[in-house]
**Student:** 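First the structure, then my questions, so here it is.
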Amino acid sequence: MNKKDDAFVISAGHEDFPKHHKTTVINIGIAETGKFIMTASCDTTILIWNMKGGILANINTNQVANAYAGVSPCGRFVASCGFTPDVKIWEVCFGKSGEFREVSRAFELKGHSAGVCGFAFSNDSSRMATVSKDGTWKLWKTDVEYKKQQDPYLLYTGKWSGHEPCRIAMSPDGRVVAISSVCDITVYNAQTGEVEEEFKSVHGDTISDLAFDSNNRFLVSTGDRVIRVFHNTAGYKASIANMKDMFKKATNKGTKERLQQQIKDAQRALDAVYKQKKK
C-alpha cells in the first residue's frame, strides 16, 4: 500500500507466491503478528508461508477433506475442521529473535458426532465456537495449559437446525455467536444459548462469510456481491447483563458508580438502535 494524494493505493507485488497446493485453496489467513500467512486447500493440506512466499511448514490435517481453516486473532494458532467430528489446533512457534522454529500440535476440540462445518475464535483466543452437521453448536474454553496436557473445556452445547453451507462467527468479547445457514442468520447469546435474533433471506445467494467488528457493535455478512451490516443488539444486552451482575457483587462505591454509568450508557445506545429499527 502506498500513499498518494492523501489516499492509499494498492499495487500488486513483483510476483505471486509459487504454486504449491494441488487442489482449490479454500481459506487464507494472515497472522496478526505479521510473521506468517496460512493457506488451506480442500484436500487435507495447510501451508504456512513467510511473507516472501517461502514455505515454513506443510500440515496434513488428516481430516479426509478440509472444510474450513483459520488463524487465531492472537496470531499464535492455526486451526482446521473438515469431514471428521473434531477441530485441530496447532501453534506456530517462533524464537525470541523472530526466527521460525516449528508447528506443533496444541489441542483438539472433540465432542461433535458428525463433521464440523466451521469454527470461530474470541478476540483473545480464550474461547472458541464450533458448528457441526450433527445439528449442534458448541462453546469451548480454550485458555488452557495444553503443554501440560490440559484439554479445552466444553462450556455449552446449543441446538442448530439450519442447513449447509453455513458459517459461524463469535463476537470479540465471546458473548455472542452468530450462525448463517444458506441465506439466513441466527444470533445466540453465548452464555445462555438463547436465540436473540433471526434474520431471514438477508442475501439473494449463499452467505459466503460472517464476522463481527472489533468493537462488538456490528455483525457483517457477505454474499451475492453485497455486504450487509447489522447492529449487534445481542452484544449490547449481554454486556448490560454482565455489568448488572458485576454491580451486584461490587463493594467499592467508586466501582459501583462507574458501573452504573456504564450501564446507563450501554442502555442508551441499545435504545437508540431500537429507535432506528422502528423508523
Side-chain angles (χ1 to χ4, degrees), residues 68 70-74 79 81 87 109 111-112 116-132 135-143 152-162 166-200 202-203 207-223 227-247 259 262-263 265-277:
Y68 182 77
V71 180
S72 65
C74 65
C81 63
V87 177
L109 304 181
H112 285 291
V116 178
C117 307
F119 58 83
F121 290 91
S122 63
N123 198 47
D124 60 1
S125 304
S126 66
R127 297 285 189 275
M128 285 185 71
T130 56
V131 62
S132 167
T136 67
W137 64 270
K138 295 179 182 291
L139 179 67
W140 310 79
K141 178 184 177 182
T142 51
D143 183 18
Y153 298 99
L154 176 61
L155 298 175
Y156 186 84
T157 297
K159 292 185 178 181
W160 170 71
S161 57
C166 64
R167 291 283 187 176
I168 187 168
M170 178 184 285
S171 61
D173 60 10
R175 291 175 178 154
V176 181
V177 169
I179 300 175
S180 67
S181 172
V182 191
C183 303
D184 305 331
I185 299 173
T186 305
V187 181
Y188 301 86
N189 181 308
Q191 294 173 312
T192 66
E194 294 180 4
V195 174
E196 293 285 351
E197 287 193 287
E198 292 182 286
F199 304 108
K200 299 293 186 180
V202 294
H203 288 277
I207 294 172
S208 57
D209 209 352
L210 199 62
F212 286 90
D213 82 301
S214 59
N215 294 316
N216 294 294
R217 294 178 59 197
F218 304 106
L219 172 66
V220 181
S221 64
T222 61
I227 296 174
R228 300 204 185 280
V229 182
F230 306 88
H231 288 284
N232 181 20
T233 55
Y236 282 109
K237 288 190 283 185
S239 177
I240 291 169
N242 185 65
M243 287 188 289
K244 284 182 176 179
D245 186 52
M246 292 172 63
F247 180 81
L259 284 168
Q262 289 176 339
I263 291 168
D265 292 342
Q267 187 63 56
R268 193 179 299 115
L270 180 59
D271 292 341
V273 171
Y274 283 135
K275 189 176 181 180
Q276 285 182 0
K277 284 187 174 183

**Student:** Donor-acceptor pair, distance only, cut-off 3.5 Å: does the side chain of Thr222 make one with the backbone of Asp209?
**Tutor:** yes
**Student:** So do the side chains of Val87 and His112 get within less than 4.5 Å of each other, counting heavy atoms only?
**Tutor:** no
**Student:** Tell me the closest heavy-atom pair linking Gly223 and Ser208, and the distance in Å.
**Tutor:** N-OG, 3.9 Å
**Student:** Looking at side-chain heavy atoms only, is the closest gap between Pro73 and Ser125 below 4.5 Å?
**Tutor:** yes
**Student:** Give, for atom CD1 of Ile179 and atom CD1 of Ile207, the distance between the pair rounded to the nearest 0.5 Å.
**Tutor:** 12.0 Å
**Student:** What I'd like to find out is whether the side chain of Ser221 reaches to under 4.5 Å of the side chain of His203, using heavy atoms alone.
**Tutor:** yes
**Student:** Just wondering, do Arg217 and His231 contact through their side chains at under 4.5 Å, heavy atoms?
**Tutor:** no
**Student:** Please evaluate residues Thr136 and Trp160 with respect to the criterion side chain to side chain contact (heavy atoms under 4.5 Å, CB included), reporting the C-alpha separation (whole Å), side-chain torsions for both, the decisive distance (0.1 Å), and the verdict.
**Tutor:** CA-CA 5 Å; Thr136 67; Trp160 170 71; 5.9 Å; no
**Student:** Are the side chains of Val187 and Phe199 in contact, using a 4.5 Å heavy-atom criterion?
**Tutor:** yes
**Student:** Looking at Ala266 and Tyr236, what are the two nearest heavy atoms and their distance?
**Tutor:** O-CD2, 4.1 Å
**Student:** Salt-bridge test for Arg268 and Asp265: reply yes if a basic N is under 4.0 Å from a carboxylate O, no otherwise.
**Tutor:** yes
**Student:** Given Phe218 and Asn232, is the side chain to side chain contact (heavy atoms under 4.5 Å, CB included) satisfied, shown in steps?
**Tutor:** CA-CA 5 Å; Phe218 304 106; Asn232 181 20; 5.8 Å; no
**Student:** What heavy-atom pair brings Gly174 and Ala190 nearest, and what distance separates the two atoms?
**Tutor:** O-CB, 3.4 Å
**Student:** Give the minimum heavy-atom separation between Ile185 and Ala178, together with the two atoms involved.
**Tutor:** CG2-CB, 4.5 Å
**Student:** Hey, could you give me the CZ/CH2 distance between Phe121 and Trp140, rounded to the nearest 0.5 Å?
**Tutor:** 13.0 Å
**Student:** Please step through side chain to side chain contact (heavy atoms under 4.5 Å, CB included) for the pair Ile168 and Thr130, ending with a clear verdict.
**Tutor:** CA-CA 7 Å; Ile168 187 168; Thr130 56; 5.7 Å; no
**Student:** Nearest 0.5 Å please: distance from the CG atom of Leu139 over to the CE atom of Met128.
**Tutor:** 10.5 Å
**Student:** Taking the side chain as every heavy atom from C-beta outward, state whether Gln262 and Leu259 have any atom pair closer than 4.5 Å.
**Tutor:** yes
**Student:** From Asn123 CG over to Phe212 CZ, what is the distance, rounded to the nearest 0.5 angstrom?
**Tutor:** 12.5 Å
**Student:** Can you name the nearest heavy-atom pair linking Asp173 to Ser171, along with the distance?
**Tutor:** OD1-OG, 2.7 Å
**Student:** Is there a side-chain contact between Asp184 and Thr186 (heavy atoms, below 4.5 Å)?
**Tutor:** no
**Student:** Report yes if some heavy atom in the side chain of Glu196 is under 4.5 Å from a heavy atom in the side chain of Thr233; otherwise report no.
**Tutor:** no
**Student:** Give the C-alpha distance, both sets of side-chain angles, the deciding distance and a yes or no for side chain to side chain contact (heavy atoms under 4.5 Å, CB included) between Leu109 and Thr142.
**Tutor:** CA-CA 9 Å; Leu109 304 181; Thr142 51; 4.1 Å; yes
**Student:** Could you pull out the closest heavy-atom pair between Arg175 and Ala238, with the gap in Å?
**Tutor:** CB-CB, 3.9 Å
**Student:** Angle class for the Tyr68/Phe119 ring planes (parallel below 30°, perpendicular above 60°, tilted otherwise)?
**Tutor:** perpendicular
**Student:** Rounded to the nearest 0.5 Å, what separates atom NZ in Lys237 from atom CD in Glu194?
**Tutor:** 9.0 Å
